[in-house]
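Reading through the structure tokens given below for one structure.
In each ligand, atom 1 is the first atom listed, and ligand 1 is the first ligand listed. All residue numbers in this chain count up from 1 along the given sequence.
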Amino acid sequence: MGYLELIVGALTVALTTWIWSFLVSFAWRPYLKAKRLREQGVGGPKGSFWSGCADEINHMKAACGDMVFDINSHDYLNKIFPHYIKWSSQYGGTFIYSIGEKTRLFISDPELIKEVLSNKFGFYMKLDPGAGITALLGKGLVLTDGEQWTRHKRVVNPAFTMERIKTMTRTMADCAKSMLDQWQDKKEVEVGMYLQELTADVISHTAFGSSYSAGKEVFLAQKELIMIVLASFLKLEFPIKKYLPTENNKHRWKLEKKLRGTLMSIIENRLASKEKGYGNDLLGLMMEACNTGNQGETNLSIDEIIDECKTFYFAGHETTSHLLTWTMFLLSTHQDWQERLREEVLSECGKQIPDPDKITKFKLMTMVIFEVLRLYSPVSVIARTARKDIKLGNLMIPKGMDIIIPIAIIHHSKELWGPDANEFNPLRFENGVSKAAKHPNAMMAFSIGPRACVGQNFALTEAKTVLCMILQRFSFTISPDYKHMPADRITLQPQKGLPIVLTPLEA
Ligand code: HEM
């Protein structure tokens with residue numbers, strides 16, 4: 001046999017093996033997974049061979065993309081989740097569908113969700129996030145699993161105790177003051193944009209302390225990365241494509257490099273001045289924890305610290321800014337509640353900068369914030385993958401099945417929240433979060449279980465501080481130019497911003 005025949009023979013074997021493994025991964029395994037669920041009585045749309053239901057979802061989302069709602073309507077799920085709403089009405093609260101080779105199980109029963117999210121053995125892992133999300137968030141606490149997550153959590157936890165957060169309220173207030181000073185002479189402002197810059201400013205100061213100006217560069221790079229991530233959502237591509245030098249990939253690599261370079265130089269500066277201590281900001285606390293912990297238990301490499309910085313920078317401002325934006329929206333359309341909150345703020349703090357201990361006493365404000373988080377949860381869906389074959393409720397879930405937890409749908413369920421589920425009624429939280437609905441875990445804005453949001457207290461303290469200062473200085477109404485179009489762009493936000501008409505109050 002000549003060389004040519006040998007090469008052709010080898011190539012034929014390689015190609016046949018590749019086609020075989022492709023068919024097994026893309027067709028046979030997904031088919032088996034779906035079959036196992038269907039045999040247990042779980043229905044769902046079939047989808048096509050290559051894309052599954054991706055095309056149908058894209059069509060439905062495109063058709064609803066420009067829906068505008070009445071400002072008093074909070075029933076916008078048809079716009080952000082038209083596919084889930086359609087399939088829930090056809091197949092019930094538990095169904096399967098597929099995206100490419102991935103089979104997904106949608107669950108909306110809070111008991112099943114609790115079982116998934118409370119699992120302490122790591123049987124439900126985070127989904128493979130894809131190159132874009134990894135570039136944006138880094139392999140930090142949000143995206144890691146197993147031993148890596150435990151190690152990161154040990155290092156990050158001390159930076160988020162309530163005592164630590166209280167020490168940050170002065171910084172939060174200073175950042176808010178400089179934003180409000182800019183509002184002073186304006187009649188109308190697009191508050192969404194201001195609040196995004198404010199929360200980025202707060203995390204820059206609290207995370208990087210004196211190096212806060214570098215935070216602006218992180219903010220801008222992450223903003224561009226979001227656009228790349230959004231453009232790639234539900235686009236099915238060969239896995240190899242993420243390594244090819246396409247225009248998109250080159251742009252993403254450039255931003256990743258910039259982001260890494262910025263964070264690296266902040267960290268190197270800290271390392272250079274370590275005799276003086278690493279600093280009292282979040283980064284300093286993390287570096288301190290790495291340095292003083294038992295080797296292996298709490299040590300993170302420089303790369304891991306960079307990833308963690310990306311994580312809490314993004315998670316720390318993107319979500320809180322939208323919480324504040326939707327709060328401004330709901331208080332503008334519910335003047336009675338705006339007035340009640342102002343009375344509470346003035347009676348607790350007068351016109352003084354809010355003191356962290358007083359903030360915890362804002363009962364009405366806490367109720368309003370939870371109601372905003374319920375109706376306009378910044379994170380509207382989370383997901384997990386089954387690490388092994390596992391029993392969930394009465395179902396046997398095959399290994400590798402993705403599980404979709406639609407927070408926004410649970411937050412709007414009339415079965416859980418009563419007939420007024422789509423209305424703004426902060427009083428439902430009068431007796432605490434766990435008593436507000438028929439199920440104690442129906443409120444999932446910060447998720448539940450061991451992977452619940454580590455920044456919850458940080459976010460609530462920041463939101464209350466900023467809101468308190470806005471109410472002290474301005475009354476506000478919605479601008480007639482506002483178009484009510486909630487949009488899910490990784491986080492839930494007003495599609496065309498939120499213009500607000502301001503009236504300064506007497507000093
Ligand atoms: C209103 C504001 C916020 C909301 C609604 C929110 C929501 C969430 C949710 C739903 C999760 C769970 C994700 C999942 O299970 O897949 C999460 C996790 C996380 N959040 Fe937040 N978050 C907020 C603010 C913050 C802030 C201010 C920070 C940091 C400064 C932060 C850092 C994190 C981190 C590090 C995780 C991962 C925790 C882990 O897996 O152990 N978040 N957040």
Between the main-chain N or O of [Y] and the side-chain N or O of [X], is there a donor-acceptor pair closer than 3.5 Å?
X: Thr320; Y: Ala459; value: no
X: Glu371; Y: Asn425; value: yes
X: Trp149; Y: Gly140; value: no

Look at [atom] and say which protein heavy atom is nearest, naming residue and atom and giving the distance to 0.1 Å.
atom: atom 1 (C) of ligand 1; result: Leu323 CD2, 3.8 Å
atom: atom 25 (C) of ligand 1; result: Ala315 O, 3.4 Å
atom: atom 24 (C) of ligand 1; result: Thr319 OG1, 3.3 Å
atom: atom 37 (C) of ligand 1; result: Val142 CG2, 3.5 Å
atom: atom 35 (C) of ligand 1; result: Val454 CG1, 3.4 Å
atom: atom 19 (C) of ligand 1; result: Cys453 CA, 3.7 Å
atom: atom 4 (C) of ligand 1; result: Phe446 CE2, 3.5 Å

request  = Give the intermediate values and the outcome of ring-ring contact (aromatic ring centres under 6.0 Å, His included) for residues Phe106 and Tyr97.
outcome  = CA-CA 8 Å; Phe106 172 104; Tyr97 67 100; 7.6 Å; no

query = Heavy atom of Lys126 under 4.0 Å from ligand 1?
reply =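 Yes, Lys126 has a heavy atom closer than 4.0 Å to ligand 1.
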
ask   = Is it true that Arg384 lies under 4.0 Å from ligand 1, counting heavy atoms only?
value =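 For ligand 1, residue contact (heavy atoms, under 4.0 Å) with Arg384 is present.
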
key: Numbered atoms of ligand 1 (with element) below 4.0 Å of Phe458, judged on heavy atoms   =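 Listed by number with element, the hits are 27 (C).
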
ask   = Parallel, tilted or perpendicular: which fits the ring planes of Phe81 and His83, with parallel below 30° and perpendicular above 60°?
value =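 Judged by the thresholds at 30° and 60°, the geometry between Phe81 and His83 is perpendicular.
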
May I ask you to check whether [X] and [Y] show a side-chain donor-acceptor distance below 3.5 Å?
X: His412; Y: Asn422; result: yes
X: Glu111; Y: His439; result: yes
X: Ser204; Y: Tyr313; result: yes

Between [options], which one has a non-hydrogen atom sitting closest to [atom]?
atom: atom 13 (C) of ligand 1; options: Leu117, Ile382, Asn457; value: Ile382
atom: atom 39 (C) of ligand 1; options: Phe160, Trp149, Trp326, Tyr376; value: Trp149
atom: atom 9 (C) of ligand 1; options: Ala452, Ser321, Ala445; value: Ala445

query = Do Arg451 and ligand 1 have an N or O pair less than 3.5 Å apart?
reply =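 For ligand 1, there is an N or O atom that lies under 3.5 Å from one belonging to Arg451.
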
inquiry  = Between Arg270 and Asp281, does any side-chain N to carboxylate O distance fall below 4.0 Å?
reply    =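 So Arg270 pairs with Asp281 through a salt bridge.
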
